[in-house]
Amino acid sequence: MKIATWNVNSLRVRLPHLLDWLAQEQPDVVGLQELKCTDAQFPFAELAAAGYQAAVNGQKTYNGVALLAREMPQDVTRDLPGFDDAQKRVISGTVCGVRIVNAYVVNGQAVGSEKYEYKLRFLDAFRQLLAAEHAAHTQLVVMGDFNIAPTPDDTHDPAQWEGKILCSEPERAALRAITDLPLADGFDLAPAPEGRFTWWDYRQAGFRRDLGLRIDHLLLSPEAAARLTGWRVDKAPRRLERPSDHAPVIITLE
DNA sequence: ATGGTCGTTATACGA
């Protein structure tokens, strides 16, 4: 079973890349983030023609997430219960007996900002959702753009990044509170990959110079982790003309 | 040199 996460940074702009990539990689489940489109604007027909059903939690201009699978995901839920938020960042569903949670975590802008406080509140509510999903489903995979680099090694330049947004200790502690549920980071379990970064800033020729961070993650319950055979970043779509600033991350389960 | 580049029913703002 092949499961992938990809922040596409506008689905309408990236649809040709997505369709080519689906044909190439043939994933069973895909979590998309930053659709930047409404449910009404979502390209259901194009994806169905490519062999994928979609459950969508869309929003105009910002945010928006979707789950793609060969068969329509079951028991789909949206957003975070008890967390009053107009931003569409979470969608969950069950595919082939695996509970999937797909999230676009708040960026946070800068440590100490209002958006940073919102990020930490979001992460606390997200952890509560994941605790409930963990209790209800033994096979659980949590994926998405977490906007958190877990360790200094997950940055191209720790001296530049430590303590800054995406790399501050409260953000990392919030991620540890999630992995302590427990949900293992697929990156830590699989054979060491050639590259670990998943996002490169559009500015300063970040991708060409490999000035990246590892901020997109796939976390697995113990029973799902026992099935993990691989973790990798697919940098091919990031090399194309007019790419997303994120690359897809793909795991394989037995 | 205090910027740089993307995307958006934009023309400032979020990432």
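In what follows, every chain begins at residue 1, and chains take the letters A, B, ... in the order their sequences are listed. Small disclaimer: the values here were computed from a predicted structure and weren't measured.
Below 30°, between 30° and 60°, or above 60°: for A:Phe83 and A:Tyr118 the angle between ring planes is below 30°, a parallel geometry.
Residues in residues 179-191 of chain A take part in these side-chain hydrogen bond (donor to acceptor under 3.5 Å, both in side chains) pairs, two or more places apart or across chains: A:Asp185-A:Arg214.
Within the 4.0 angstrom heavy-atom criterion, only backbone atoms of the sugar-phosphate kind lie near A:Tyr104; the bases stay farther away.
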With the criterion being N/O to N/O and under 3.5 Å, what pairs connect the protein with nucleotides 8-12 of chain B, and how long is each?
| from | atom 1 | to | atom 2 | distance (Å) |
| --- | --- | --- | --- | --- |
| B:dT8 | OP1 | A:Ser10 | OG | 2.3 |
| B:dT8 | O3' | A:Thr61 | OG1 | 3.4 |
| B:dT9 | OP1 | A:Thr61 | N | 3.2 |
| B:dT9 | OP1 | A:Thr61 | OG1 | 2.7 |
| B:dT9 | OP2 | A:Arg12 | NH2 | 3.1 |

Scan nucleotides 1-5 of chain B against the protein and return all N/O pairs shorter than 3.5 Å with their distances rounded to 0.1 Å.
| from | atom 1 | to | atom 2 | distance (Å) |
| --- | --- | --- | --- | --- |
| B:dG4 | N2 | A:Gln204 | NE2 | 2.7 |

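For DNA chain B, none of the residues of residues 152-159 of chain A falls under the heavy-atom distance limit of 4.0 Å.
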Hey, mind stepping through A:Asp79 and A:Asn57 against side-chain hydrogen bond (donor to acceptor under 3.5 Å, both in side chains) and telling me if it holds? CA-CA 8 Å; A:Asp79 307 319; A:Asn57 192 10; 2.9 Å; yes
For A:Leu218 and A:Val249, run side-chain contact (heavy atoms from CB on, under 4.5 Å): C-alpha distance rounded to whole Å, both residues' side-chain angles, the deciding distance at 0.1 Å, then the answer. CA-CA 8 Å; A:Leu218 289 128; A:Val249 186; 3.6 Å; yes
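If you chain together ILVMFWY residues whose side-chain heavy atoms come under 4.5 Å of each other, A:Leu240 ends up in a group of its own. A:Leu19 belongs to a hydrophobic cluster whose other members, connected by ILVMFWY side-chain contacts under 4.5 Å either directly or through intermediates, are A:Trp6, A:Val8, A:Leu11, A:Leu15, A:Leu18, A:Trp21, A:Leu22, A:Val30, A:Leu32, A:Leu35, A:Phe42, A:Phe44, A:Leu47, A:Tyr52, A:Val56, A:Leu68, A:Ile250.
For A:Arg176 and A:Glu169, the salt-bridge test passes: some basic side-chain N is under 4.0 Å from an acidic carboxylate O.
Rounded to whole Å, atom P of B:dC6 lies 13 Å from atom CH2 of A:Trp199. Distance OH (A:Tyr118) to P (B:dA15): 9 Å, rounded to an integer number of Å. As a whole-Å value, the separation of A:Glu171 CD from B:dA15 C1' is 14 Å. Distance A:Asp216 CG to B:dA15 C1': 13 Å, rounded to the nearest Å.
A donor-acceptor pair under 3.5 Å is formed between the side chain of A:Arg14 and the backbone N or O of A:Asn9. With hydrogens and angles ignored, the 3.5 Å screen pairs no side-chain donor or acceptor of A:Arg99 with any backbone N or O of A:Glu133. Not a single donor-acceptor pair under 3.5 Å links the side chain of A:Gln160 to the backbone N or O of A:Asp157.
Place A:His246 and A:Pro243 on DNA chain B by their nearest nucleotides, and A:Pro243 ends up nearer the 5' end.
A donor and an acceptor atom, one from each side chain of A:His246 and A:Trp200, are nowhere located under 3.5 Å apart.
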